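Nothing fancy with the numbering, it's 1 onward along the sequence. Just so it is clear, the model here is predicted, and its values are computed rather than measured.
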Amino acid sequence: MISYHQYSFKIRVISHWFLVLFWAAVIFFLSAQPSFFLPTGIVGELLSKSAHFAEFFIFTFLLFNALKQHKKIKNPLLKAVLVALAYSASDEFHQHFVIGRNSDIFDFLVDSTGVFTLGLILLLKQRL
């Protein structure tokens, strides 16, 4: 028979991984859209880059929280950063094949900034 503690742990792990997969699906869905109706010029560019930053800041946070549930995983922060960077690169590759979209190294760099910003915040929090 499964104990309450084991059951609670399994539910917590499943819920954390569900959030990671859900957010990855949101990113994929948004990347698969042919275009967005953003304002032109600096405002549109700021909105676009802010969205890229936020998507991968959140994705890294969710990954870190899911990975740290597993006590056997060493350095979950590093693993979360690496997986988020890989997903960002695959996201830009995916956009290359979507009509009306293109791959943009600057989007990858903004995604990476979101990943590294969250990584730095968590690293500083761990050190304090």
Side-chain angles (χ1 to χ4, degrees):
M1 183 156 189
I2 190 167
S3 73
Y4 174 77
H5 178 70
Q6 291 170 323
Y7 177 76
S8 175
F9 173 76
K10 286 183 179 187
I11 294 298
R12 189 173 64 245
V13 169
I14 289 168
S15 65
H16 280 286
W17 283 109
F18 173 80
L19 290 173
V20 170
L21 294 175
F22 174 78
W23 196 252
V26 166
I27 292 170
F28 185 86
F29 173 79
L30 292 173
S31 293
Q33 301 311 302
S35 64
F36 289 101
F37 298 103
L38 293 173
T40 57
I42 190 83
V43 172
E45 201 59 31
L46 282 172
L47 287 173
S48 171
K49 298 309 181 212
S50 296
H52 276 271
F53 179 92
E55 283 175 337
F56 282 91
F57 184 93
I58 293 167
F59 185 63
T60 308
F61 179 76
L62 295 173
L63 272 170
F64 173 71
N65 280 334
L67 289 167
K68 76 177 184 178
Q69 300 304 310
H70 304 278
K71 301 298 179 201
K72 292 182 180 180
I73 293 180
K74 302 287 186 228
N75 204 342
L77 180 56
L78 176 63
K79 289 180 174 64
V81 165
L82 293 175
V83 170
L85 290 173
Y87 194 63
S88 172
S90 72
D91 180 54
E92 288 306 315
F93 181 72
H94 165 238
Q95 287 183 31
H96 177 74
F97 300 100
V98 176
I99 296 171
R101 299 296 293 267
N102 59 3
S103 290
D104 186 355
I105 188 69
F106 294 112
D107 286 346
F108 173 73
L109 292 173
V110 173
D111 297 344
S112 299
T113 302
V115 171
F116 288 127
T117 300
L118 189 274
L120 183 60
I121 289 169
L122 292 176
L123 192 61
L124 291 172
K125 182 180 177 220
Q126 287 176 354
R127 302 255 189 245
L128 295 178

**Request:** Group every Ile, Leu, Val, Met, Phe, Trp and Tyr by side-chain heavy-atom contacts under 4.5 Å, then state whether Leu120 and Val115 land in the same group.
**Result:** no
**Message:** Using modelled atom types and a 3.5 Å cut-off, is there a donor and acceptor pairing between side-chain atoms of Ser48 and backbone atoms of Gly44?
**Reply:** no
**Request:** Measure the spacing between CD1 of Ile14 and CG of Leu19 and express it to the nearest 0.5 Å.
**Result:** 12.5 Å
**Request:** State plainly whether one hydrophobic cluster holds both Leu124 and Ile121, where clusters connect Ile, Leu, Val, Met, Phe, Trp and Tyr through side-chain heavy atoms under 4.5 angstrom apart.
**Result:** no
**Request:** To the nearest 0.5 Å, tell me how far Leu62 CG sits from Trp23 CH2.
**Result:** 7.5 Å
**Item:** More than 12 heavy atoms of other groups within 6.0 Å of Phe22 CZ
**Value:** no
**Request:** Dump the intermediate steps for side-chain contact (heavy atoms from CB on, under 4.5 Å) on Trp17 and Leu67, then the final yes or no.
**Result:** CA-CA 9 Å; Trp17 283 109; Leu67 289 167; 3.8 Å; yes
**Prompt:** Does Phe56 reach the side chain of Ile27, with side-chain heavy atoms less than 4.5 Å apart?
**Reply:** yes
**Item:** Approximate separation, where rounding is to 0.5 Å, of Lys71 NZ and Gln69 CD
**Value:** 7.0 Å
**Asked** Distance from Arg101 atom CZ to Leu30 atom CG, nearest 0.5 Å?
**Response** 8.0 Å
**Message:** As an exercise, state the distance from CG of Leu123 to CG of Leu128, rounded to the nearest 0.5 Å.
**Reply:** 9.5 Å
**Asked** With a 4.0 Å cut-off, would you call Lys49 and Asp104 a salt bridge?
**Response** yes
**Request:** Tell me whether Leu21 is reachable from Leu85 by hopping between hydrophobic residues (I, L, V, M, F, W, Y) whose side-chain heavy atoms are closer than 4.5 Å.
**Result:** no
**Complete:** Quick note, ring-ring contact (aromatic ring centres under 6.0 Å, His included) partners involving residues 83-103, not counting sequence neighbours, are Phe28-His94, Phe59-Tyr87, Phe93-Phe97
**Request:** Carefully, step by step, assess Val13 and Phe9 under the rule side-chain contact (heavy atoms from CB on, under 4.5 Å).
**Result:** CA-CA 6 Å; Val13 169; Phe9 173 76; 3.5 Å; yes
**Message:** More than 12 heavy atoms of other residues, nucleotides or ligands under 6.0 Å from CZ of Phe57: yes or no?
**Reply:** yes
**Asked** Distance from Leu118 atom CG to Leu63 atom CG, nearest 0.5 Å?
**Response** 10.0 Å
**Message:** Quick check: closest heavy atoms across Val20 and Ala66, and the distance to 0.1 Å?
**Reply:** CG2-CB, 3.8 Å
**Message:** When you group the ILVMFWY residues by side-chain heavy-atom contacts below 4.5 Å and let the links chain together, are Phe53 and Ile105 in the same group?
**Reply:** no
**Message:** Could you see if Phe61 belongs to whatever hydrophobic cluster contains Ile73? Use Ile, Leu, Val, Met, Phe, Trp, Tyr and a side-chain cutoff under 4.5 Å.
**Reply:** yes
**Asked** Can you find a side-chain donor-acceptor pair between Ser103 and Gln95 that sits under 3.5 Å?
**Response** no
**Prompt:** What residue pairs, at least two apart or across chains, pass side-chain hydrogen bond (donor to acceptor under 3.5 Å, both in side chains) with a residue in residues 109-119?
**Reply:** His52-Asp111, Ser88-Asp111
**Complete:** For Val98 and Ala32 the tightest heavy-atom approach is CG1-O, 3.5 Å
**Complete:** Residue pairs meeting salt bridge (Lys or Arg N to Asp or Glu O under 4.0 Å), one or both in residues 76-95, sequence neighbours left out, come to none
**Fill in**
Smallest heavy-atom separation, Arg12 atom then Ser15 atom, equals O-OG, 2.8 Å
